[in-house]
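Structure first, then comments.
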Amino acid sequence: MSDLKRGLSEAAFAAFEALGLPGELGRVTASDRPDLADFQVNGALPAAKRAGRPPREIAGQVAERLAPDPRLAAVEIAGPGFINLRVSDAALSARAQAIAADPRAGAERLARPRRVIVDYAGPNVAKEMHVGHLRSSIIGEALKRLYRFRGDEVWGDAHFGDWGFQMGLLIGALADEDPAIARAVEELNAGRAPNDIDSLEAPAFQAVTLEQVDRLYPEAAARAKSDEAYRDRARRITAELQAKRPGYYLLWRHLARVTRAALERDFHALGVDFDLWKGESDVDPLIPAMVGELEEKGLLVEDQGARIVRVAREDDKRELPPLIVVSSEGSAMYGTTDLATILDRARSVRPDLVIYCVDQRQADHFEIVFRAAELAGYARPGQLVHVGFGTMNGTDGKPFKTRAGGVLKLVDLIGMTRDRARERLHEAGLGEDLPEAEFDDIAGKVAVAAVKFADLANFRGTSYVFDIDRFTAFEGKTGPYLLYQAVRVKSLLRKAAEEQAEAGPVMVADPAERDLVLSLDAFETALAEAYERYAPNAIAEHAWRLAQAFSKFYAACPILQAEPAVRASRLTLAQATLSQLELALSLLGIVVPERM
RNA sequence: GCGCCCGUAGCUCAACUGGAUAGAGCACCUGCCUUCUAAGCUGGUGGUUGCAGGUUCGAGUCCUGCCGGGCGCGCCA
């Protein structure tokens, strides 16, 4: 059963067509004026222009055809030609009943599923994740879950940055700092490259820690900006690493392992998971053949010592730089591995759509890579999509930094939020008689809900201010509010079960019940919008509205004390709300505890 | 310099792709716990949507020009 909005749209579509007007004009939307109507149709206004007739006249004719519909209690014309629809209580009751009985809580399935890859543009394997990495993980995860839920076949790929200049830079810095490492690298490099390099171990590298990496990388990156010789050496090392010189390669492998473990820990804490734990290095073997192919196709040209693909077009408004495939040092670049990854995926997964969930600032980069991929025949137009998001700034409007001037690590953010959650749980007297382990689990879920919802409630495209107080806020439009509402329903349903109160047929009567059912009905619309615009904030917004509608219903309508038939109806509404709310939150990557 | 994005309540953000009276949260006033979890609910204050034009029945949304901010522009990712 489709939602009320779509059902009514179909009726309005038919009404417009019967009048010889385009059916699309019959699009039904939620009313802007809830005091006047539940839904509205605005199509009479644009229709008037085409038909050369007054809008109210057309609206009147459409309304006449809609009026007999048993789902509608009232059809009225308002203002210049709006058609206001008020749904009957019986139709709302039936819809609530259907949602309650539906394991998908009223959400539909795609008619034509696609094969989709969500590329999280994973963090660099050179430094720990900080809050700046938050968005791609959270948004990417939400998109992955949404797409999968609607019926697409989806692969989430971490796509770690583990094969570029930053690795050469870090290797150089480590050798500079620790003579033992420098020696080990030299000795290994001096020996002949063994055929089975993967089985080699280099004990000297075992002592390298994440803390060391974390400390050295920013220094090295800064120095490379001003010191040309230093930069050139790092680029040389990068090229040699990619050529698998044993010393560099084995040190790289150790770094990859160490940082990978930290990344897994961070992603796990956030409830983010990947189907493919791939990195740039994984497509390295494809590069030589790819370069040859680009050459054969006449796309590759020599320029300033590098080998590039020109992607600029005549009608470009700006001068788009070329894709640098092979640097003048002979190494693969960011764009090289991206292109090779597109080729790899085209051969393995054969996706209909690849969503790159990456910072908006990289828009030009992706435009260049996508054009190159199309020129090479690795992708069709529209198959690759860059879903950009804004940057996260501090309260001062500049890129976020801690008070000490450093970046805030993701683990620390989660930890801080969890501590705040513990405090607030105590203050509110929630979960006091629960075992320690469950209490901790709840605090963790509250923290993740707070962090994720604070991010996902914003439209991805705009930058927003990272405010630690906002991420640890538990009142108002926050993740914890939503958990609280869901848990309240669970508690209610538990109590009902104890009293052996059963759910039964829905009979909508109270205004709060009407509003709740209309909120439930809007689920599919929210999912469709989030899907089409790659915008999880539509789901977050829906979850918030639903929770709020329930809270009002909860305050206005006693449930367990009501007479049996009313009680049964309200229990069904509560169940439907819980299943849809929990589902919506799960799509955002937020887990609801049993109690709190 | 060229290009992209943004400017909405004191603060942080929405606004179903051009529709009615621009909505939430926080903050600030107001009332509600002998009824199912008060992290809640109720009512209220708060706006010339940066400025000036234009397009049309109708503009926060589209166009033009200013003002202000962010970002990107070849071997970092």
Side-chain angles (χ1 to χ4, degrees), chain A residues 27 29-33 35-36 40 42 45-46 48-49 55 78-82 84 121 123-124 126 161 164-166 169 221 224-225 231 234-235 280 303-306 308 316-324 326-329 331 333-335 337-338 358-365 368 388 390-391 393 395 397-399 424-425 427-430 446 454 457-459 461-465 467 469-470 473-478 480-481 483-485 487-488 491-493 495-496 499 522 525-526 528-529 533 537-538 541 544-545 548 551-552 554-556 558-561 574 595-596:
Chain A
R27 198 166 73 104
T29 57
S31 179
D32 289 331
R33 296 288 303 274
D35 53 320
L36 300 180
Q40 61 185 347
N42 297 341
L45 295 158
K49 194 176 286 178
F82 299 109
N84 282 334
N124 288 341
F165 176 72
Q166 82 275 18
L169 198 55
K225 273 186 185 158
R231 184 172 61 228
R235 291 182 52 208
E280 295 170 339
D303 194 79
Q304 297 170 37
I308 63 170
D316 280 341
K317 282 185 189 167
R318 63 199 189 288
E319 227 175 292
L320 213 54
L323 181 76
I324 298 178
V326 185
S327 81
S328 49
E329 290 292 340
S331 62
M333 308 288 294
Y334 177 34
T337 49
D338 274 348
V358 191
D359 193 320
Q360 189 64 49
R361 287 178 294 189
Q362 297 190 38
D364 281 357
H365 166 75
I368 293 165
T391 53
N393 301 325
T395 37
K398 293 172 189 162
R424 287 292 287 120
L425 284 164
E427 279 171 31
L430 291 170
V446 169
N458 298 326
F459 178 68
T462 48
S463 296
Y464 73 97
V465 172
D467 180 354
D469 292 334
R470 195 160 129 247
F474 303 128
E475 289 88 26
K477 196 172 182 177
T478 64
Y481 169 94
L483 294 190
Y484 178 75
Q485 295 302 344
V487 165
R488 256 194 337 183
S491 170
L492 172 75
L493 295 176
K495 206 151 272 185
E499 295 176 16
T525 301
E529 190 196 340
R533 297 175 63 197
N537 67 308
E541 186 67 26
W544 158 252
R545 285 192 189 156
Q548 222 182 17
S551 196
K552 288 176 185 187
Y554 185 84
I559 298 166
L560 296 177
Q561 292 86 344
R595 24 181 201 180
M596 62 189 265

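Remember, predicted model here, so these are calculated numbers, not experimental data.
- Of the P atoms belonging to B:U42 and B:C32, the separation is 15 Å, rounded to the nearest Å.
- A distance of 5.5 Å separates CG in A:N84 from CG in A:L36, rounded to the nearest 0.5 Å.
- Comparing B:C13, B:C75, B:G19 by their closest approach to the side chain of A:D32 singles out B:G19.
- One atom, CZ of A:F459, and another, P of B:G7, lie 11 Å apart when rounded to the nearest Å.
- For the C1' atom pair drawn from B:A22 and B:G47, the interatomic distance equals 9 Å after rounding to whole Å.
- Rounded to whole Å, the separation between the C1' atoms of B:U61 and B:U45 comes to 28 Å.
- B:G18 and B:C5: their P atoms are spaced 16 Å apart (whole Å).
- B:A27 sits 15 Å from B:U12 when the P atoms are compared, rounded to a whole Å.
- Taking atom P on both B:C62 and B:A14, the two are 15 Å apart, rounded to the nearest angstrom.
- One interatomic measurement links the two molecules: CG of A:L323 to C1' of B:C75, which rounds to 11 Å at whole-angstrom precision.
- Residue A:A363 is classed as having no contact, given no heavy-atom separation below 4.0 Å to the nucleic acid.
- Nucleic acid contact class of A:P46 (heavy atoms, under 4.0 Å, all strands): base.
- Within the 4.0 angstrom heavy-atom criterion, no nucleotide atom of any strand lies near A:A496.
- Within the 4.0 Å cut-off from OP1 or OP2 of B:A15, at least one side-chain nitrogen or oxygen of A:N537 is found.
- The nearest heavy atom of RNA chain B to A:E529 and to A:T478 marks one nucleotide each, and the one closer to the 5' end goes with A:E529.
- Using a 3.5 Å distance cut-off with no hydrogens or angles, the side chains of A:Q548 and A:R545 do not pair a donor with an acceptor.
- Per the geometry, CD belonging to A:E541 stands 11 Å off P belonging to B:G25, to the nearest Å.
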When every nucleotide of nucleotides 30-46 of chain B is labelled 5' to 3' by its protein contacts under 4.0 Å (heavy atoms), B for base, S for sugar-phosphate only, - for none, what sequence of letters results? -----SBBSBSSS----
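- Rounding to the nearest 0.5 angstrom, the gap separating the CD atom in A:E541 from the NZ atom in A:K477 is 3.5 Å.
- Set against B:C4, B:G74, B:G19, the side chain of A:K317 has B:C4 as its closest nucleotide.
- Among the protein residues, A:G79 comes within range of no part of the nucleic acid, since none of its heavy atoms lies under 4.0 Å from any strand.
- Side-chain to base pairing of A:D338 with B:A77: no donor and acceptor N or O lie closer than 3.5 Å to each other.
- Closest to the A:N42 side chain, of the nucleotides B:C76, B:G19, B:G74, is B:G19.
- Anti is the classification of B:C62, since its glycosidic angle lies more than 90° from 0.
- In this structure, the CZ atom of A:R361 is 13 Å from the P atom of B:G70, given to the nearest Å.
- Following rounding to the nearest Å, A:F165 (CZ) and B:C76 (C1') show an atom-to-atom distance of 6 Å.
- Each of A:N458 and A:S328 was matched to the nucleotide of RNA chain B holding its nearest heavy atom; the match closer to the 5' end belongs to A:N458.
- The number of heavy-atom neighbours closer than 6.0 Å to CD of A:E427, taken from other residues, nucleotides and ligands shown, is above 12.
- The separation of B:G60 from B:C73, taken at their P atoms, amounts to 36 Å, rounded to a whole angstrom.
- Applying the 5.5 angstrom centroid cut-off and the 30 degree plane-angle cut-off, the aromatic ring of A:F82 is stacked upon the base of B:A20.
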Nucleotide-level pairing of RNA chain B, given in dot-bracket where Watson-Crick and G-U pairs need both distances under 3.5 Å and | marks other strands: (((((((..((((.....[...)))).((.((.......)).)).....(((((..]....))))))))))))....
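- Among residues two or more places apart in sequence or in another chain, the salt bridge (charged side-chain N to carboxylate O under 4.0 Å, His left out) test is passed with A:D32 by none.
- Rounded to whole angstrom, the span from the CG atom of A:D35 across to the C1' atom of B:A20 amounts to 10 Å.
- Residues A:F459 and A:R533 form a side-chain contact, since some pair of their non-hydrogen atoms from C-beta on lies under 4.5 Å apart.
- Taking every side-chain heavy atom of A:R235 into account, B:C76 is the closest of B:A15, B:C76, B:A20.
- Applying the 3.5 Å distance criterion, the base of B:A20 shares a donor-acceptor pair with the side chain of A:Q40.
- With values rounded to the nearest 0.5 angstrom, A:R424 atom CZ is found 4.0 Å from A:E475 atom CD.
- Between the CD atom of A:Q362 and the C1' atom of B:C4 there is a distance of 14 Å, given to the nearest Å.
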Determine whether A:S327 and A:F165 satisfy the following criterion, side-chain contact (heavy atoms from CB on, under 4.5 Å), listing intermediate values before the conclusion. CA-CA 11 Å; A:S327 81; A:F165 176 72; over 6 Å; no
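- Side-chain contact between A:F474 and A:Y484 is absent, with no heavy-atom pair separated by less than 4.5 Å.
- The closest side-chain heavy-atom distance from A:H365 to A:D338 is below 4.5 Å.
- In this structure, CD on A:Q362 lies 11.0 Å from CD1 on A:I368, to the nearest 0.5 angstrom.
- Only the P atoms considered, B:C33 is 37 Å distant from B:C13, to the nearest whole Å.
- Residue-to-nucleotide contacts include a donor-acceptor pair under 3.5 Å from the side chain of A:D303 to the base of B:G74.
- Counting heavy atoms from C-beta outward, A:F82 and A:L45 have side chains that approach closer than 4.5 Å.
- Residue-level contact check: A:L320 touches neither bases nor backbone, having no heavy atom under 4.0 Å from any strand.
- Here the C1' atom of nucleotide B:G70 and the CD atom of A:Q360 are 12 Å apart, to the nearest Å.
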